[in-house]
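Have a look at the structure below before the remarks.
When reading the values below, keep in mind they use all heavy atoms of this one structure, side chains included, and skip hydrogens, waters and symmetry mates. Residues take their numbers from the sequence shown, with the count starting at 1.
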Amino acid sequence: MVDHARRERIEVSRWALETILDFKYGEPDLGGDGLLARWHGSDVAALLLDWLPREDMAAPLRVEEVRSSLLAWVEFLRARGWYDPRSDEPGELVETLDTLADAYRQAVANPAEHRVSLFLQHSMVEAGYDPEDPDQVAEFEAEVESGGVSLDEELMAAIASGEEEAPLSPLSGPGRTGYTWRAPRLLEGAALAEAIEATPTMLRLREQGDDALPEDSVEAWLLAYEALGEALAERLGLDEDDFYEAFGSEADEFVASIVTTLFIERLPLPGTLVSEVVAEMGDPLEEDRPLTDEESEQFDRAVGLVLGELEGLGAVARETTGEEAELAGEPVFRLTPLGEWIGFDELVLDDYTIRTFDELMAEDAEVLVERAAAGEPFSDVDLDEWIGQRGTERAMRELVEVARRTDDCTHRGTVRAVTAEHPQEARPVYEELRADGAFGPQARAWLFDAGFLKEGELEPADLPWVMVDGVAAMARMNLLDEERLGELPVRRGGEGASLLELAPSLGHPETTFLLSWLGDNHPDPGVRKEARTALFRYQSGGGR
């Protein structure tokens with residue numbers, strides 16, 4: 001990117017560019033969404049008013065550096081046809097940036113004041129006020145003055161001094177976490193109402209003919225769902241304060257945490273594991289101590305009661321047979337489509353941004369490859385569905401294009417694997433790239449492995465390059481167990497080329513990572529030592 005800027009005679013700060021891309025790549029719950037080629041005004045707002053003011057920089061980036069770096073990145077993408085068409089136009093991004101420039105300068109010039117501002121904005125939202133509505137801001141300030149709304153002044157002072165981290169701004173980016181979770185097929189309209197009315201609890205309530213039960217299916221179901229927390233506390237004989245002391249959360253939050261745990265994990269879970277996860281989400285484990293036997297029994301009982309009620313509401317299905325139940329040695333629980341609907345709703349209310357199934361199917365190949373390469377449960381199923389909806393021939397071309405331009409070996413490995421499942425449709429794409437200067441070795445190796453190319457048509461480095469790439473991808477994806485490590489050709493002087501010599505001689509981009517990883521993780525101390533020596537020679541130029 002910096003080389004591109006120099007060729008185009010564009011002045012750009014490498015540090016500013018790296019910082020902006022770090023933002024867009026995002027952290028799990030903070031920053032951008034990981035879509036480096038997709039930019040909107042909301043991204044610019046999150047960058048200027050949340051991300052950059054949080055960065056501990058001796059010299060904060062100037063607005064001019066942010067503007068030039070952002071424009072240089074966008075133009076770099078546009079020149080290659082990579083800029084996501086769903087993005088805002090560059091002029092709109094600059095307009096947003098200029099509008100917020102003074103607010104950004106004030107934030108980095110007065111960090112304590114900015115942190116307090118974030119605290120106040122967060123407090124306004126918590127109290128039900130809109131920080132962007134001047135009238136509601138004035139009303140909130142009046143309520144604070146009169147004592148109608150109380151603020152934690154000790155916490156505010158700690159945030160101002162930097163002892164406590166400031167809350168996220170209402171403009172903060174969504175982070176990557178929500179996008180990695182399941183992409184639910186959300187029930188709507190008649191299908192949602194039909195699913196609700198067929199649940200055991202709703203059938204029972206309708207049969208009782210309670211006049212207080214709304215006719216609207218969704219309203220009636222939500223009324224029953226929202227009553228679970230209070231009913232749980234009553235069954236356990238606890239008032240509001242006692243419940244919080246016992247479980248580290250309010251009763252309603254406790255119920256929601258069970259639903260969201262099952263949503264996030266995707267795999268069917270035994271009740272005891274759900275109980276452990278829910279316990280970790282509450283305050284009792286904030287001191288990093290294990291639960292006592294008595295506390296564990298208490299959590300298990302409470303979680304069991306809620307799971308039973310969720311079954312009645314049709315949100316959870318209990319499975320007593322099957323691989324997961326046999327492996328757990330006890331029943332496992334999974335969300336039903338109705339459970340996915342309410343789980344999605346709970347997480348969205350907690351400000352997570354989650355793709356629905358339809359949104360995921362409309363995404364570009366990069367998003368599906370990233371999910372699959374990250375090893376998310378059922379992401380391979382999502383990718384297969386995407387290929388079917390995209391059309392296999394078109395999907396193969398888009399997937400290979402991801403492998404051609406990515407710098408991530410796990411993405412390349414994912415594409416190699418999935419295109420191998422569709423050899424006839426993928427073959428023409430790889431044939432077109434056989435002579436490509438950079439991608440040619442991968443294309444030829446794939447065609448050879450698929451049986452479309454003879455060994456004599458390969459270049460000497462083709463298969464070794466792809467082999468090194470595959471090993472690096474397995475290491476990055478934590479797939480190299482002791483048995484697989486033992487099968488790797490890492491011994492110097494053995495038959496064939498040693499991996500420790502092969503990677504440096506090829507100049508493979510994963511050489512530094514792979515030698516470092518083997519130097520830390522190989523079970524044979526002799527191999528670890530050889531890997532560290534090879535790494536030193538490579539980094540000093542002797543192994544290239």
Side-chain angles (χ1 to χ4, degrees), residues 27-29 34 174-187 225 228 247-249 252-282 284-285 290-291 296 299-311 313-357 359-360 367-368 370-385 477-479:
E27 295 177 6
D29 296 324
R176 299 192 316 274
T177 294
Y179 285 146
T180 65
W181 292 335
R182 75 169 78 206
R185 302 179 191 238
L186 295 178
L187 293 170
Y225 173 75
L228 292 184
F247 297 104
S249 66
D252 290 342
E253 293 173 349
F254 186 87
V255 172
S257 67
I258 294 172
V259 175
T260 55
T261 293
L262 291 170
F263 185 100
I264 293 166
E265 295 296 333
R266 297 190 73 172
L267 296 169
L269 298 179
T272 51
L273 182 53
V274 175
S275 180
E276 288 178 21
V277 175
V278 170
E280 289 174 2
M281 294 168 69
L285 288 188
L291 292 178
S296 292
F299 268 93
D300 288 346
R301 183 188 175 206
V303 167
L305 289 171
V306 174
L307 287 171
E309 293 296 330
L310 290 172
E311 275 189 272
L313 283 169
V316 162
R318 181 192 303 256
E319 297 175 357
T320 56
T321 59
E323 185 179 347
E324 287 86 1
E326 290 176 7
L327 190 63
E330 60 177 294
V332 293
F333 298 85
R334 62 173 176 80
L335 291 185
T336 64
L338 196 53
E340 289 192 11
W341 168 72
I342 191 61
F344 176 86
D345 197 52
E346 289 281 15
L347 287 163
V348 168
L349 286 173
D350 281 341
D351 295 326
Y352 286 100
T353 304
I354 303 169
R355 290 185 186 91
T356 65
F357 179 80
E359 289 171 336
L360 182 62
V367 172
L368 279 298
E370 168 63 23
R371 285 166 67 91
E376 291 296 319
F378 302 113
S379 56
D380 54 341
V381 177
D382 292 337
L383 181 51
D384 288 342
E385 187 75 29
M477 296 168 77
N478 297 316
L479 297 177

Just how far is it from atom [atom1] of [X] to atom [atom2] of [Y], taken to the nearest 0.5 Å?
{"X": "Glu385", "Y": "Arg185", "atom1": "CD", "atom2": "CZ", "result": "5.0 Å"}
{"X": "Leu262", "Y": "Leu273", "atom1": "CG", "atom2": "CG", "result": "9.5 Å"}
{"X": "Leu313", "Y": "Tyr225", "atom1": "CG", "atom2": "OH", "result": "9.5 Å"}
{"X": "Leu368", "Y": "Leu383", "atom1": "CG", "atom2": "CG", "result": "5.5 Å"}
{"X": "Thr320", "Y": "Glu326", "atom1": "OG1", "atom2": "CD", "result": "10.0 Å"}
{"X": "Arg301", "Y": "Ser296", "atom1": "CZ", "atom2": "OG", "result": "15.0 Å"}

If you look at every heavy atom in [X] and [Y], which pair is closest and at what distance?
{"X": "Trp341", "Y": "Leu186", "result": "CA-CD2, 4.0 Å"}
{"X": "Gly343", "Y": "Thr260", "result": "O-CG2, 4.4 Å"}
{"X": "Arg371", "Y": "Tyr179", "result": "NH1-O, 2.6 Å"}
{"X": "Ala325", "Y": "Glu319", "result": "CB-O, 3.7 Å"}
{"X": "Met477", "Y": "Ala373", "result": "CE-O, 3.3 Å"}
{"X": "Arg318", "Y": "Pro331", "result": "CG-CB, 3.9 Å"}

Task: Whether Phe254 and Phe299 hold their rings parallel, tilted or perpendicular, with breakpoints at 30° and 60° - done: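 Rings of Phe254 and Phe299: tilted, 30 to 60°.
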Open item on the list: With side-chain contact (heavy atoms from CB on, under 4.5 Å) as the test, pick out the partner of Arg182 among Glu340, Arg355, Glu265.
Closed with: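 Single pass found, and it is Glu340.
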Task: Option among Val274, Val306, Leu310, Val259 that satisfies the side-chain contact (heavy atoms from CB on, under 4.5 Å) test with Val316 - done: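 Per the side-chain contact (heavy atoms from CB on, under 4.5 Å) rule, the option paired with Val316 is Leu310, out of Val274, Val306, Leu310, Val259.
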- [ ] Could you give me the CA-CA distance, side-chain angles and deciding distance for Ile258 and Phe333, then say whether side chain to side chain contact (heavy atoms under 4.5 Å, CB included) is met?
- [x] CA-CA 11 Å; Ile258 294 172; Phe333 298 85; over 6 Å; no
Open item on the list: Looking at Ser257, is its backbone amide N or carbonyl O close enough to the side chain of Thr261 to form a donor-acceptor pair, meaning the two atoms are under 3.5 Å apart?
Closed with: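 Checked: pair present.
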Open item on the list: Quick check against the 3.5 Å criterion: does Arg266 have a side-chain atom that pairs as donor or acceptor with the backbone of Pro377?
Closed with: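 Pair found, side chain donor or acceptor close to backbone of Pro377.
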Task: Verdict with reasoning, Phe378 to Leu267, per side chain to side chain contact (heavy atoms under 4.5 Å, CB included) - done: CA-CA 9 Å; Phe378 302 113; Leu267 296 169; 3.8 Å; yes
- [ ] Any chance you could lay out the side chain to side chain contact (heavy atoms under 4.5 Å, CB included) test for Glu253 and Phe247, step after step, and finish with the verdict?
- [x] CA-CA 10 Å; Glu253 293 173 349; Phe247 297 104; over 6 Å; no
TODO: Kindly indicate, with the supporting measurements, whether the criterion side chain to side chain contact (heavy atoms under 4.5 Å, CB included) is fulfilled by Ile342 and Phe263.
DONE: CA-CA 9 Å; Ile342 191 61; Phe263 185 100; over 6 Å; no
